[in-house]
Amino acid sequence: MTDLTIEEFNQLLQQWQGENIRIQKHELRDEDTVTMNLKEISYESNTRRLDEYTPMHLLFLHGQGQTQTGAQNAQPLPSPYYEIPLEDSTRYQHLNDRFTLNTERGTYTIEKE
């Protein structure tokens, strides 16, 4: 795997707009898988956080999709985007058609379907 800066990660991920992607989240005892058609990518910074649980930065993957948590059936995404909390210490890695984001909370894998 190749380590990336946030700028390099963003530049490569922007090329995936229009692609079908799968996002796997492994966060403490919470795991889920989302599939979506990636329409747009955006970021948000929150400098007025109320607590440390609120992330300072967010990555939004916009598109229509569905989520599957545990053994439940797939359900439509509750909103037209998927949100990934980012930290200054987030590690961005890339290999072939897969990105891995490691944060203090967990690991997110984004890959083409």
Side-chain angles (χ1 to χ4, degrees):
M1 284 206 159
T2 304
D3 283 344
L4 304 171
T5 64
I6 179 70
E7 293 83 6
E8 292 168 330
F9 164 74
N10 180 56
Q11 187 176 32
L12 290 170
L13 186 61
Q14 291 288 342
Q15 297 172 18
W16 287 17
Q17 291 184 67
E19 299 281 348
N20 290 321
I21 63 169
R22 177 183 301 117
I23 307 153
Q24 293 179 301
K25 175 182 78 169
H26 302 281
E27 198 176 84
L28 297 174
R29 294 186 190 113
D30 186 20
E31 293 188 14
D32 60 53
T33 300
V34 170
T35 55
M36 70 165 30
N37 181 269
L38 182 60
K39 298 291 185 193
E40 182 183 352
I41 299 153
S42 65
Y43 297 86
E44 181 179 296
S45 290
N46 183 3
T47 56
R48 294 182 170 189
R49 301 184 308 165
L50 298 177
D51 57 39
E52 289 186 21
Y53 187 75
T54 305
M56 181 164 293
H57 309 286
L58 292 167
L59 164 63
F60 292 97
L61 303 173
H62 301 269
Q64 297 299 316
Q66 58 186 14
T67 184
Q68 184 158 355
T69 55
Q72 299 174 356
N73 292 333
Q75 300 290 322
L77 283 176
S79 55
Y81 59 84
Y82 185 81
E83 177 182 310
I84 298 177
L86 302 176
E87 304 154 349
D88 291 338
S89 62
T90 298
R91 184 175 180 192
Y92 305 90
Q93 296 180 303
H94 181 251
L95 179 64
N96 300 326
D97 284 340
R98 175 181 292 174
F99 293 101
T100 303
L101 284 66
N102 293 302
T103 70
E104 290 180 20
R105 290 187 193 182
T107 301
Y108 296 82
T109 303
I110 306 168
E111 59 189 335
K112 288 185 184 179
E113 280 206 302

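Side-chain contact between Ile21 and Tyr82: absent, with no pair of heavy atoms (C-beta onward) separated by less than 4.5 Å. His57 places a side-chain heavy atom less than 4.5 Å from the side chain of Asp88. Looking at Ile41 and Gln14, their side chains come closer than 4.5 Å, going by heavy atoms from C-beta outward. By the 4.5 Å heavy-atom criterion applied to side chains, Leu95 and Thr2 are not counted as neighbours. Annotation: side chain of Arg98 is in contact with side chain of Thr109 (closest heavy-atom distance under 4.5 Å). Contact annotation: the side chain of His26 never approaches that of Tyr108 to less than 4.5 Å [non-hydrogen atoms, C-beta and beyond]. Looking at heavy atoms from C-beta onward, Glu111 lies out of side-chain contact with Asp97 at the 4.5 angstrom threshold. Considering only heavy atoms from C-beta on, Phe9 stays 4.5 Å or farther from His94 through its side chain.
Between Arg105 and Pro85, the shortest heavy-atom distance links the atoms NH1-CG, 3.7 Å.
By the 30° and 60° cut-offs, the orientation of the rings of Trp16 relative to Phe99 is tilted.
Between the CD atom in Glu104 and the CD atom in Glu27 there is a gap of 12.0 Å [rounded to 0.5 Å]. Note that CG of Leu12 and OH of Tyr92 are 13.0 Å apart. Values are rounded to the nearest 0.5 Å. For the atom pair Met36 CE and Ile110 CD1, the distance stands at 10.0 Å (nearest 0.5 Å). To the nearest 0.5 Å, atoms CG (Leu59) and CG (Leu86) are separated by 5.5 Å. In this structure, the separation between CD on Gln93 and OG1 on Thr90 is 11.5 Å, given to the nearest 0.5 Å. Put simply, CG on Leu38 and CG on Leu61 are 6.0 Å apart, with the number rounded to the nearest 0.5 Å.
Partner of Glu8 under the side-chain contact (heavy atoms from CB on, under 4.5 Å) criterion, chosen from Asn10, Ile6, Leu4: Leu4. Partner of Tyr81 under the side-chain contact (heavy atoms from CB on, under 4.5 Å) criterion, chosen from His62, Lys39, Gln64: His62.
Each of Leu101 and Met1 belongs to its own hydrophobic cluster when Ile, Leu, Val, Met, Phe, Trp and Tyr are linked at side-chain heavy-atom distances under 4.5 angstrom.
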#### Entry: Evaluation steps, side-chain hydrogen bond (donor to acceptor under 3.5 Å, both in side chains), between Asn102 and Thr107
CA-CA 5 Å; Asn102 293 302; Thr107 301; 3.0 Å; yes
#### Entry: side chain to side chain contact (heavy atoms under 4.5 Å, CB included) assessment of Arg91 paired with Asp3
CA-CA 7 Å; Arg91 184 175 180 192; Asp3 283 344; 3.1 Å; yes
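Looking at residues two or more places apart in sequence or on another chain, you find a side-chain contact (heavy atoms from CB on, under 4.5 Å) between Thr35 and Arg22, Gln66, Glu113.
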